[in-house]
Chemist: 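Got a structure for you, written out below as structure tokens; questions coming shortly.
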Amino acid sequence: MLDTTDAALVRELQRDGRVSYQRLAELLEISREAARARVQRLLTRGEVRIVGIVPPAVAGITTVAHASLDVAGPARPVAVAAAGRRAASFVSCTAGRRSVIAELRVADDAALEREFAALRAVPGVRGVEVFRCTELVRDAYAPSGPDLRTGALPALDGTDRRLLGLLQADGRASFAALADRIGLSQPATRARVLRLLEVGAVHVTGLVESRALGVREAAGVGLGVLGPAREVAEAAAALPGVNYVASGYGRFDLVCGLDAPDRPALLHGLEALRGLPGVTRSESWVHLDIVKESYTYDLPIGPAFDSAE
């Protein structure tokens, strides 16, 4: 568990992963040296990673789906195979009706069908049930950016793409280090990074290891609703512990993610979701082993970048 000062520091890093040590010192009322030392300790221990998160649409990702895999035999080899797919952003072995859950993020429906075909071909997979996401209502680590389907995309050239790739790997990389990698002057590199941040092409944030926040339990919940799903989705997103809400169609109308410090708190969260007005059915699964959780994309992807070349 993080102490009070580290917890406050992490909150600032989540707001702005590139915040200066001087600014952290002022906000936390500690010395600059202490702020630097605490950040470095968190990074060294792996309790926090500072990364640049690119909105899916900026990376050419317009199609998101959850695949629930019916598995004969051990689930982990299937989960490992699913995690090996570049399109898989989240893969988990679960205690639930389906042994493996995978989230897929791809460029279009044709790419999605290829992923389904690959998953069906994994030894041990007996079937795939699909929830097709149309809107990410809440995603704890997603920046506010262009909509999955219709948002206006920022104009980016090849140098911008290289910067995005570098920031995905190290969100606190210095302007000097970035300039050296892309072959521009430090002022020019700084101007580009600030523009990418301003237009929403990337959000630099701190990804916190769940156990450092006291999270010991994680679950997914699929909901069926009566009538329009948006109102229920917004109500679900406002509940404590809910870190993910997607609306769509297929197996469910909504899929939610839930974190909790213990089993009683997890049950309380599940009951709150089940009790939302408009919910007609629910199915839940506990994540026993999160095999993959990734917030990065291969760049460049898709036509979003091509017009700026």
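Values reported hereafter were calculated over all heavy atoms of this structure, with side chains retained and with hydrogens, waters and symmetry mates removed. Only a predicted model underlies this, so the values are computations on that prediction, with no experimental measurement involved.
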Chemist: Is it true that Arg132 and Glu113 have a side-chain N and a carboxylate O under 4.0 angstrom from each other?
Modeler: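 Salt bridge between Arg132 and Glu113, a charged N being under 4.0 Å from a carboxylate O: no.
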Chemist: If the threshold is 4.0 Å, N to carboxylate O, is there a salt bridge linking Arg230 and Glu135?
Modeler: yes
Chemist: Counting only N and O atoms by type, is there a donor-acceptor contact under 3.5 Å from the side chain of Lys292 to the main-chain atoms of Ala82?
Modeler: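 A pair under 3.5 Å: no.
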Chemist: Please determine whether the number of non-hydrogen atoms from other residues, nucleotides or ligands lying under 6.0 Å from atom CZ of Arg263 exceeds 12.
Modeler: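 Count not over threshold, so no.
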Chemist: If two hydrophobic side chains count as joined below 4.5 Å and joins carry through other members, does Tyr21 share a cluster with Val19?
Modeler: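 They do share one cluster, since a chain of ILVMFWY contacts under 4.5 Å joins Tyr21 to Val19.
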Chemist: Using 0.5 Å steps for rounding, measure from the CD atom of Glu115 to the CZ atom of Arg105.
Modeler: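 Spacing of CD (Glu115) from CZ (Arg105) equals 14.0 Å.
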Chemist: Should Val137 and Val221 be counted in the same cluster of Ile, Leu, Val, Met, Phe, Trp and Tyr side chains packed under 4.5 Å apart?
Modeler: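 Same cluster.
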Chemist: Please examine the side chains of Val39 and Ile50, heavy atoms only from C-beta on, and report whether any two atoms are closer than 4.5 Å.
Modeler: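 Result no, sub-4.5 Å side-chain heavy-atom pair not found.
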Chemist: When you compare the side chains of Thr159 and Arg162, does any donor N or O come within less than 3.5 Å of an acceptor on the partner?
Modeler: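 Side-chain D/A pair, Thr159 to Arg162: present.
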Chemist: Salt bridge or not between Asp70 and Arg251? Use side-chain N to carboxylate O under 4.0 Å.
Modeler: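 No, this pair does not count.
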Chemist: Using modelled atom types and a 3.5 Å cut-off, is there a donor and acceptor pairing between side-chain atoms of Thr62 and backbone atoms of Ala107?
Modeler: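 Checked: pair present.
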Chemist: Out of curiosity, does Leu273 fall in the hydrophobic cluster containing Val286 (side-chain heavy atoms, cut-off under 4.5 Å, transitive links)?
Modeler: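 Yes, same cluster.
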Chemist: Testing the basics here: between His287 and Ile290, what is the closest heavy-atom pair and its distance to 0.1 Å?
Modeler: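 Here His287 and Ile290 meet closest at CB-CG1, 4.2 Å.
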Chemist: I'd like to know if Arg274 and Glu271 make a salt bridge, using a cut-off of under 4.0 Å between side-chain N and carboxylate O.
Modeler: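 Yes, this pair counts.
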Chemist: Around atom CZ of Arg181, are there more than 12 heavy atoms from other residues, nucleotides or ligands closer than 6.0 Å?
Modeler: no
Chemist: Looking at CG of Asp170 and CD of Gln168, how far apart are the two atoms once the value is rounded to the nearest 0.5 Å?
Modeler: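 Output value for this atom pair is 12.0 Å.
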Chemist: From Leu178 CG over to Leu184 CG, what is the distance, rounded to the nearest 0.5 angstrom?
Modeler: 10.5 Å
Chemist: Indicate if Val128 and Trp285 have the same hydrophobic cluster label, given that clusters are the connected sets of ILVMFWY residues with side-chain heavy-atom separations under 4.5 angstrom.
Modeler: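 Unlinked, Val128 and Trp285 end up in two clusters.
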Chemist: Please evaluate residues Ile53 and Leu207 with respect to the criterion side chain to side chain contact (heavy atoms under 4.5 Å, CB included), reporting the C-alpha separation (whole Å), side-chain torsions for both, the decisive distance (0.1 Å), and the verdict.
Modeler: CA-CA 10 Å; Ile53 298 181; Leu207 301 184; 4.0 Å; yes
Chemist: Are Arg11 and Leu27 side-chain neighbours, meaning at least one heavy-atom pair lies under 4.5 Å?
Modeler: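 When only atoms from C-beta onward are counted, Leu27 and Arg11 do not touch, as no gap falls below 4.5 Å.
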Chemist: Is it the case that more than 12 heavy atoms not belonging to Arg18 sit under 6.0 Å from its CZ atom?
Modeler: yes
Chemist: Test of understanding: clusters of I, L, V, M, F, W, Y form through side-chain heavy atoms closer than 4.5 Å, transitively. Do Phe131 and Leu254 belong to the same one?
Modeler: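 No, because Phe131 and Leu254 fall into different hydrophobic clusters, even though each may have its own neighbours under 4.5 Å.
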Chemist: List the steps, then state whether side chain to side chain contact (heavy atoms under 4.5 Å, CB included) holds for Leu156 with Val58.
Modeler: CA-CA 9 Å; Leu156 306 172; Val58 173; 3.8 Å; yes
Chemist: If you take all heavy atoms of Leu43 and Val48, which pair is closest and at what distance?
Modeler: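 So the minimum-distance heavy-atom pair works out to CD2-O, 3.3 Å.
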Chemist: Salt bridge or not between Glu12 and Arg15? Use side-chain N to carboxylate O under 4.0 Å.
Modeler: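 Judged by the 4.0 Å cut-off on N to carboxylate O distance, Glu12 and Arg15 do form a salt bridge.
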Chemist: Using the side chain to side chain donor-acceptor pair (under 3.5 Å) criterion, which residues pair with Glu231? Sequence neighbours excluded.
Modeler: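 So Glu231 forms no side chain to side chain donor-acceptor pair (under 3.5 Å) with any residue.
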Chemist: How long is the straight-line distance from OG1 of Thr296 back to CG of Leu167, given to the nearest 0.5 Å?
Modeler: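 These two atoms lie 12.5 Å from each other.
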Chemist: Hey, mind stepping through Arg192 and Asp157 against side chain to side chain contact (heavy atoms under 4.5 Å, CB included) and telling me if it holds?
Modeler: CA-CA 11 Å; Arg192 280 182 178 261; Asp157 62 19; 3.0 Å; yes
Chemist: I'd like to know if Arg23 and Asp16 make a salt bridge, using a cut-off of under 4.0 Å between side-chain N and carboxylate O.
Modeler: no
Chemist: Under 4.5 Å between any side-chain heavy atoms of Leu112 and Val130, yes or no?
Modeler: no
Chemist: Return the minimal non-hydrogen interatomic distance between Val106 and Ala87, and the atom names on each side.
Modeler: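 Minimum heavy-atom contact is CG1-CB, 3.5 Å.
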Chemist: Roughly how far, to the nearest 0.5 Å, is CG of Leu166 from OG1 of Thr189?
Modeler: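 Output value for this atom pair is 10.0 Å.
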Chemist: Do Ser99 and Leu69 pass the side chain to side chain contact (heavy atoms under 4.5 Å, CB included) test, and can you show the C-alpha distance, the side-chain angles, and the key distance before you say yes or no?
Modeler: CA-CA 6 Å; Ser99 303; Leu69 308 184; over 6 Å; no
Chemist: Inspect the surroundings of CZ in Arg190 and state if more than 12 heavy atoms from other residues, nucleotides or ligands are less than 6.0 Å away.
Modeler: no
Chemist: Count the heavy atoms belonging to other residues, nucleotides or ligands that lie under 6.0 Å from CG of Leu226, then report whether that count exceeds 12.
Modeler: no
Chemist: Which atom pair, heavy atoms only, marks the closest approach of Ser92 to Leu288?
Modeler: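 In this case the closest contact between Ser92 and Leu288 is OG-N, 4.3 Å.
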Chemist: Can any side-chain N or O of Asp253 pair as donor or acceptor with the backbone N or O of Ala229 at less than 3.5 Å?
Modeler: no
Chemist: Is the shortest heavy-atom distance from the side chain of Asp6 to the side chain of Arg41 under 4.5 Å?
Modeler: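 Yes, at least one pair of side-chain atoms sits under 4.5 Å.
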Chemist: Are Ser247 and Thr134 packed together at the side-chain level, in the sense that at least one heavy-atom pair is separated by less than 4.5 angstrom?
Modeler: yes
Chemist: Give, for atom CZ of Arg36 and atom CD of Glu33, the distance between the pair rounded to the nearest 0.5 Å.
Modeler: 9.5 Å
Chemist: Tell me the closest heavy-atom pair linking Cys256 and Ala236, and the distance in Å.
Modeler: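 Of all heavy-atom pairs spanning Cys256 and Ala236, the closest is SG-CB, 4.2 Å.
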Chemist: Looking at every non-hydrogen atom in both residues, tell me the closest pair between Leu258 and Gly269 and how far apart they are.
Modeler: CD2-C, 3.6 Å
Chemist: Run through Phe90, Phe252, Tyr244, Tyr249 and flag the one making a ring pair (Phe, Tyr, Trp, His ring centres under 6.0 Å) with His66.
Modeler: Tyr244
